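Bear in mind the structure is a predicted one, so any value in this text is a computation, not a measurement.
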Amino acid sequence: MLKEDVVEKIMRVKEAKKAVILAHYYQEDEVQEIADFLGDSLELSRKAAGVDSKIIVFCGVHFMAETAKILNPGKKVLIPVSGAGCPLADMANPYVLDKLKEIHPDAAVVCYVNSPVSVKARSHVCCTSSNAVNVVRSLPHEKIIFVPDRNLGSYVSQQVPEKQIIPWSGFCPVHQSVSPGDVLELKNRYPAAPVLAHPECPPEVLKMADYVGSTSGIIKKAGETDSHILIIGTEKGVLRKLKEENPCKMFYLLSESLSCGDMKKINLEDVLRALEKEEYSVEVDSETARKARYSLDRMLEII
């Protein structure tokens, strides 16, 4: 089936079922193009919490669709590819977290949204890369268990030195793949180009960046800068939005390794099948969801 025919059918079925399609910036371009709402984790969490549609098709990875289900327990949340997971989220173990909480009973647990629901349910508050610093600052606790991304945790500790951050050892394999050598190579080619990097990148890379921020933060910063050439240190799917909003600027990816295989699993045919067959439905145990909802609601209250 031609792409145009698939898109037309998606729109027709979506309208008939009064469904809504949410897509992350890291999705394939063709999936981003048919989304009703496009955003990063925080933006999509806010959208998911406020949509009226009874069916949400979430084009992202599993923890994102799971979050949407927690925020919308009475709605059907579908993920087009059930195997679209997140290696970083898989590094967050609820039982290890329980032991860490026993060792540090006076610490608050801040859980990066890239985590399974079982970890969210054991946390005081969730955060995204957009608001992690403000979430940690908002807590009265001096000690913070930050799970699971060690690089984001390191970045937060530098921004909030008055807190003791107890880091987890997890990392995003995609962002972890970039190195100072990648930065030097591109800066040698484009010395005046600012480097905009995601805080999931290694600390030694962030030290060389001109701006550190979430995916939405990078998009915003790219539009504000006067530079016409920019170096981007996050997943390559964001390039579509950057080019769309800044047609006169040139963007160079910090490394070709910045591509998430899980985010790229979903295609238009998958979205159509999800709408037609209403699969794959995301389900979360009600008691676990209730506990996780508390930490997510607190996250959404903090900008």
Side-chain angles (χ1 to χ4, degrees), residues 2-4 6-8 10-11 21-47 59-60 64 128-133 152 155 172 174-175 177-202 204-261 263-264 266-268 271 303:
L2 294 175
K3 175 182 175 180
E4 293 78 10
V6 178
V7 171
E8 182 181 353
I10 286 172
M11 296 306 169
I21 300 173
L22 308 183
H24 196 277
Y25 288 123
Y26 297 168
Q27 289 288 294
E28 293 282 12
D29 289 0
E30 64 179 18
V31 175
Q32 294 188 44
E33 290 166 3
I34 54 95
D36 295 293
F37 298 108
L38 185 64
D40 64 6
S41 294
L42 183 58
E43 292 170 328
L44 292 177
S45 294
R46 294 190 190 283
K47 289 293 184 184
C59 298
M64 297 178 180
T128 69
S129 54
S130 297
N131 70 354
V133 171
L152 179 57
Y155 175 72
C172 167
V174 175
H175 288 94
S177 68
V178 298
S179 69
D182 295 321
V183 180
L184 290 173
E185 181 180 347
L186 281 174
K187 288 295 284 186
N188 284 335
R189 288 162 57 187
Y190 311 105
V195 177
L196 281 54
H198 195 284
E200 288 181 13
C201 292
E204 55 270 26
V205 170
L206 299 184
K207 288 178 182 177
M208 302 171 73
D210 298 283
Y211 172 81
V212 177
S214 66
T215 307
S216 59
I218 288 173
I219 293 170
K220 185 173 185 290
K221 187 67 175 180
E224 294 172 346
T225 182
D226 293 331
S227 300
H228 292 282
I229 299 177
L230 297 96
I231 298 168
I232 304 300
T234 194
E235 212 277 345
K236 71 177 185 179
V238 75
L239 294 177
R240 174 191 170 274
K241 187 67 173 178
L242 287 169
K243 293 173 182 177
E244 177 184 82
E245 294 193 356
N246 306 276
C248 296
K249 295 182 180 181
M250 298 292 292
F251 299 97
Y252 293 94
L253 204 62
L254 187 55
S255 169
E256 287 303 316
S257 65
L258 285 167
S259 178
C260 177
M263 280 287 191
K264 300 296 189 275
I266 297 172
N267 59 37
L268 291 177
V271 177
I303 297 175

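T225 places no side-chain N or O within 3.5 Å of a backbone atom of K221 that could act as its donor or acceptor partner. A donor-acceptor pair is defined here as one N or O able to donate and one able to accept, closer than 3.5 Å; no such pair exists between the side chain of D182 and the backbone of S255. For the pair K249 (side chain) and L230 (backbone), a donor-acceptor distance under 3.5 Å is absent. K243 places no side-chain N or O within donor-acceptor distance of the main-chain N or O of P247, the cut-off being under 3.5 Å. Between the side chain of E43 and the backbone N or O of D40, at least one donor-acceptor pair lies under 3.5 Å. Remark: side-chain polar atoms of N131 are paired, donor with acceptor, to backbone N or O of T128 under 3.5 angstrom.
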### CA sep, side-chain torsions, deciding dist, call: Q27, I266, side-chain contact (heavy atoms from CB on, under 4.5 Å)
CA-CA 7 Å; Q27 289 288 294; I266 297 172; 3.5 Å; yes
### Query
Between L258 and T234, is a side-chain contact (heavy atoms from CB on, under 4.5 Å) present by the stated rule, with each step listed?
CA-CA 6 Å; L258 285 167; T234 194; 5.8 Å; no
### Query
Should M208 and L184 be marked as a side-chain contact (heavy atoms from CB on, under 4.5 Å) after you check the CA-CA gap, both sets of side-chain angles, and the distance that decides it?
CA-CA 9 Å; M208 302 171 73; L184 290 173; 3.7 Å; yes
### Task
List the steps, then state whether side-chain contact (heavy atoms from CB on, under 4.5 Å) holds for V205 with L254.
CA-CA 10 Å; V205 170; L254 187 55; 4.1 Å; yes
### Task
Please report the C-alpha distance between S214 and S130 in whole Å, then the side-chain angles of each, then the deciding distance to 0.1 Å, and finally whether the side chain to side chain donor-acceptor pair (under 3.5 Å) criterion is met.
CA-CA 5 Å; S214 66; S130 297; 2.9 Å; yes
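The heavy-atom pair separating V195 from V183 by the smallest distance is CG2-CG1, 4.2 Å. Minimum interatomic distance between I303 and R46 (heavy atoms only, all atoms of both residues): CA-NH2, 4.1 Å. Scanning both residues, A222 and L242, for their nearest heavy atoms gives CB-CD2, 3.6 Å. For the residue pair V174 and S257, the shortest heavy atom distance occurs at CG1-O, 3.9 Å. In terms of heavy atoms, C201 sits closest to G233 at SG-O, 3.5 Å.
Within the 4.5 Å cutoff, the side chain of I10 has heavy atoms near those of the I21 side chain. Counting heavy atoms from C-beta outward, C59 and H24 have side chains that stay 4.5 Å or more apart. In this structure, E200 and E235 have side chains that are not in contact, with every pair of non-hydrogen atoms separated by 4.5 Å or more. Looking only at side-chain heavy atoms (C-beta outward), V178 and P202 come within less than 4.5 Å of each other. Taking the side chain as every heavy atom from C-beta outward, I231 and L196 never approach each other to under 4.5 Å.
Within a 6.0 Å sphere centred on CD of E224, heavy atoms belonging to other residues, nucleotides or ligands number more than 12. Within 6.0 Å of the NZ atom in K220, the count of heavy atoms belonging to other residues, nucleotides or ligands does not exceed 12.
To the nearest 0.5 Å, atoms CG (L44) and CG (L38) are separated by 7.0 Å. To the nearest 0.5 angstrom, M263 atom CE is 14.0 Å from K236 atom NZ. Within the model, atoms CD1 of I34 and CG of D29 stand 12.0 Å from one another, a figure rounded to the nearest 0.5 Å. Rounding to the nearest 0.5 Å gives a distance of 13.0 Å between CG of L239 and OH of Y25.
Of the options E33, E28, E8, a salt bridge (charged side-chain N to carboxylate O under 4.0 Å, His left out) to K3 is made by E33 and by none of the others.
F37 pairs by the ring-ring contact (aromatic ring centres under 6.0 Å, His included) definition with nothing, not counting sequence neighbours. Take K47 and apply the salt bridge (Lys or Arg N to Asp or Glu O under 4.0 Å) test, not counting sequence neighbours, and it matches no residue.
Under 4.0 Å is where a charged nitrogen must lie from a carboxylate oxygen, and between E204 and K207 no such pair does.
Under the ring pair (Phe, Tyr, Trp, His ring centres under 6.0 Å) criterion, no residue pair touches residues 208-251, with sequence neighbours excluded.
Between H175 and Y26, the ring planes are tilted. Angles from 30° to 60° get that label.
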